Amino acid sequence: MLKVHLPDGTEKQYSQPITPRTVAEEIGPGLAKAALAAEVDGKVVGLDFTMPAEAATATADQDVNLRLLTRKDPEALGVMRHSCAHVMARAVMRLFEGVQLAFGPTIDGGFYYDFDLEHSLTEEDFPAIEAEMQKIIDLDEPFERIEQTRDDALKTVRDMDQRYKIEHIETGLGDHGGLSFYRQGEFLDLCRGPHIPSPKSIGAYKLLSVAGAYWKGDSSRKQLQRIYATAFFDKKELKEHLERIEEAKRRDHRVLGKQLELFTINPMVGSGLVMWLPKGAVIRGVLENFVRDELTRRGYQAVYTPNVGRIQLYETSGHYPYYSASMFTPIVMEEDEQYILKPMNCPHHIMIYKARPRSYRELPLRLAEFGTVYRNEKSGELSGMTRVRGFTQDDAHIFCTEDQVEGEFRGCIDMTRFVLDSLGLTDYRVRLGFRDPNSDKYVGSVENWERSQQSLIDVCASLGIEAQQEPGEAAFYGPKADFVVTDCIGREWQLGTVQLDYNLPSEQRFNLEYIGADNQPHRPVMIHRAPLGSMERFIGVLIEHFAGAFPLWLAPEQVRVLTVSEKSEDYGREVLTRLQAEGFRCTGDFRAEKLGAKIRDGQLELIPYMFVVGPRDAEQQTVSVRDRIDGDLGAMSVDNAIAHLRQEIAEKKVRKTYSGSAGLGDRGSANEY
RNA sequence: GCUGGCGUAGCUCAAUUGGCAGAGCAGCUGAUUUGUAAUCAGCAGGUUGUGGGUUCAAGUCCCUCCGCCAGCUCCA
């Protein structure tokens, strides 16, 4: 007997296998019509899925939890999008000759499909493809699931002459049970499914972009053409989605960085090499001081090391054999005297550790440095400040005993969270980068790896951090916990990182030791950590996070004194001098412009406070304070105004009031004024 | 690095089928003396990313290189 449990608690019994569609029809015609897919025991399946999945023994009772999914359920959206991918692929095959299909999965925010075809797809092809998709949708042909044995499936894809599908079955898919196809009209695609019953519920779709992509991610293979697209159940949702994308693009740090004069990159200097303009340098300086204070509080010691090191240093560390491709070419003095621009700081810090014998009494030894490193990233990888060739890490290396690892690791995670929280950066995920058991790029013993991976898991669990484990994301010398954020166009970036390392201290590498209480040498463990990651990337992300509108404590220019007319310039200068003396970052706008024009300029430069001074203020020794967000706060004494700002700075107050857009030149949609 | 797209004044963008490189903002000069998002006028600003080619004629067409953008691959 099959017992089907529904979410409302009701139970239906069947004496033979049954599909979700039949259950839906029994419940009512409305639901039967609205149902798009189902969830059986937590797994999303099509309406034609046979329950139970495994044939039960004749006598045993079997329980199945069934949820019928309609357009209101988020899971149904992904199913519909995947069906839309099939419709798109079908349209492309109708429009172009010799189309070879690769993969077409659902992704966050939409879907894509990879094709191999002669014609070079451009966005100009989109209207025709979309029109063809509409024709297909209007036909309203059902998506039909066809199951075949692996051998039959192979014959099917051979008959269709679909090379990638053939290869996928031959090399990618084992012989488990059988394989499935989905047919819709003349279109047949090898596909696990599930799909919606028919394309009529594809409400609104849009092709977004076309780009190259490698078959199965292998860069030695031919590149395919990928069309990215998205779909929603109704037009309004699609419109909102597209608006969100546009809104996010307005925060682009590369655009804001130029408009707000934070940084510049010039091909004469080189790709991926950032020059910090004075205003950007202020933000960086304030952040660095903030971190330095925190380091002092947490028992770190500052060190400085040079920007180059001899090649032997990196041969010993293991970096050179593994990563010479992404290091800058050595500077050759003599054949056996070659220098490398340092790609990381750890080997230098290790040499500081080795400067003399170490006792267990001085562990944990925490060595910190804002260390500038250079990595020869491939040209296509570079992007603004988030992916560069030269950057400065808020780096530190902790040398500790085995027993101290967990506490130190905990402290690193705590500091990272503290720093991010202080900036209102809470939208991150924690990724545990683990060793990929199938790769040989890692150094050190498997036992060491498993031991340190387990410590990471334990500490995160004890701190209540939800961390996702990702094999293959580890550094070559050890596992790590990364704080990952998303930029304005949806790309993920690693910021803060804490990495456990049993390998660089090992005998094969630097052979680090300390003398224990037992008067015997012992091996320390290293932790590499950087709460911000790199100053470049972090501030790039921060620009997007604040849409260029930095909180008062970070703002390059905190206050601007505006005169109503040139008649008040003397008083304006007096106020400005006072503010400067009090330590504020401030300027004066004493131009012969109308007040409105000066305010407009200040607002567009996203300056947190403007002090307006006119004859009335001069007479009463006040300033009329204008807040970037709340507007005119009225006149107050200079002392009160200063106290007001002081407080906001001391609290490191983050006042996020925008819905996304800020910066110069798009006042129309901005709403923070 | 790969695939595709792009590159015109400091910025944002124009420039019929190949036919005299232009506007707004910013900048400079002058006038205006203004109380919470743009005062007016004038001036100046360019080897159209680079190097080559086709052509009577190239911003426009072709090739090289450089750079940027999106994606892929990579990311100690």
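Reminder, nothing fancy here: chain letters follow the sequence lines and each chain counts from 1. The shown structure was predicted, so the numbers you read here are calculated from the model rather than taken from an experiment.
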If you measure from the Lys or Arg side-chain nitrogens to the Asp or Glu carboxylate oxygens, is any gap between [X] and [Y] under 4.0 Å?
{"X": "Arg431(A)", "Y": "Glu492(A)", "value": "no"}
{"X": "Glu408(A)", "Y": "Arg366(A)", "value": "yes"}
{"X": "Asp218(A)", "Y": "Lys216(A)", "value": "no"}

I'd like a list of close polar pairs between nucleotides 5-14 of chain B and the protein, N/O only, cut-off under 3.5 Å.
none

Residues that [X] engages under side chain to side chain contact (heavy atoms under 4.5 Å, CB included), provided they are two or more places apart:
{"X": "Ser565(A)", "value": "Lys567(A)"}
{"X": "Ile265(A)", "value": "Phe263(A), Val274(A)"}
{"X": "Ser379(A)", "value": "Arg389(A)"}
{"X": "Ile642(A)", "value": "Arg578(A), Leu579(A), Glu582(A), Phe584(A), Val638(A), Arg646(A)"}

Taking atom [atom1] in both [N] and [M], compute the distance separating them and give it to the nearest angstrom.
{"N": "C28(B)", "M": "U34(B)", "atom1": "C1'", "result": "22 Å"}
{"N": "C6(B)", "M": "U16(B)", "atom1": "P", "result": "16 Å"}
{"N": "U32(B)", "M": "G22(B)", "atom1": "C1'", "result": "30 Å"}
{"N": "G53(B)", "M": "C72(B)", "atom1": "C1'", "result": "34 Å"}
{"N": "U39(B)", "M": "G1(B)", "atom1": "P", "result": "48 Å"}
{"N": "C62(B)", "M": "U55(B)", "atom1": "C1'", "result": "12 Å"}
{"N": "G49(B)", "M": "U64(B)", "atom1": "C1'", "result": "13 Å"}
{"N": "C11(B)", "M": "C68(B)", "atom1": "P", "result": "15 Å"}

| field | Near-strand residues of residues 103-112 of chain A, defined as heavy-atom separation under 4.0 angstrom from RNA chain B | value | none
| note | Dot-bracket assigned to RNA chain B with the 3.5 Å Watson-Crick/G-U criterion, [ ] for crossing and | for other-strand pairs, is (((((((..((((.....[..)))).(((((.......))))).....(.(((..]....))).))))))))....
| said: What is the separation between atom CZ on Arg600(A) and atom C1' on U39(B), rounded to the nearest whole Å? | reply: 14 Å
| query | Whole-Å distance between A38(B) P and Leu562(A) CG? | reply | 14 Å
| query | Pick from His168(A), Glu167(A), Gln223(A): which one makes a side-chain hydrogen bond (donor to acceptor under 3.5 Å, both in side chains) with Trp215(A)? | reply | Glu167(A)
| message | Can you tell me which residue among Glu593(A), Lys598(A), Glu569(A) is in a side-chain hydrogen bond (donor to acceptor under 3.5 Å, both in side chains) with Thr563(A)? | response | Lys598(A)
Show every donor-acceptor pair shorter than 3.5 Å between a side-chain atom in residues 318-331 of chain A and any protein atom, with sequence neighbours excluded, or say none if there are none.
{"residue": "His319(A)", "atom": "ND1", "partner": "Ser317(A)", "partner atom": "OG", "Å": "2.6"}
{"residue": "Ser326(A)", "atom": "OG", "partner": "Tyr323(A)", "partner atom": "O", "Å": "3.3"}

| request: Only counting residues at least two apart or in another chain, list the ones meeting side chain to side chain donor-acceptor pair (under 3.5 Å) with Arg616(A). | output: none
| task | Only pairs at least two apart or in different chains count here, so list each salt bridge (Lys or Arg N to Asp or Glu O under 4.0 Å) that has a residue in residues 372-383 of chain A. | result | Glu377(A)-Arg387(A)
| query | Are Asn345(A) and His397(A) linked by a side-chain donor-acceptor pair shorter than 3.5 Å? | reply | no
| Is there a donor in the side chain of Asp395(A) and an acceptor in the side chain of His349(A), or the other way round, less than 3.5 Å apart? | no
| With the sugar-phosphate defined as primed atoms, P, OP1 and OP2, and the base as all remaining atoms, what B/S/- string results for nucleotides 69-76 of chain B, 5' to 3', for protein heavy atoms under 4.0 Å? | SSBBBBBB
| said: Walk along nucleotides 24-35 of chain B from 5' to 3' and tag each nucleotide B, S or - by protein heavy-atom contact under 4.0 Å, base first, then sugar-phosphate. | reply: --------BBBB
| request: Over all heavy atoms of both residues, which pair between Thr230(A) and Gly109(A) is shortest? Give the atoms and the distance, please. | output: OG1-O, 2.6 Å
| field | Residue pair Asp125(A), Leu95(A): steps toward the side chain to side chain contact (heavy atoms under 4.5 Å, CB included) verdict | value | CA-CA 10 Å; Asp125(A) 295 315; Leu95(A) 292 172; over 6 Å; no
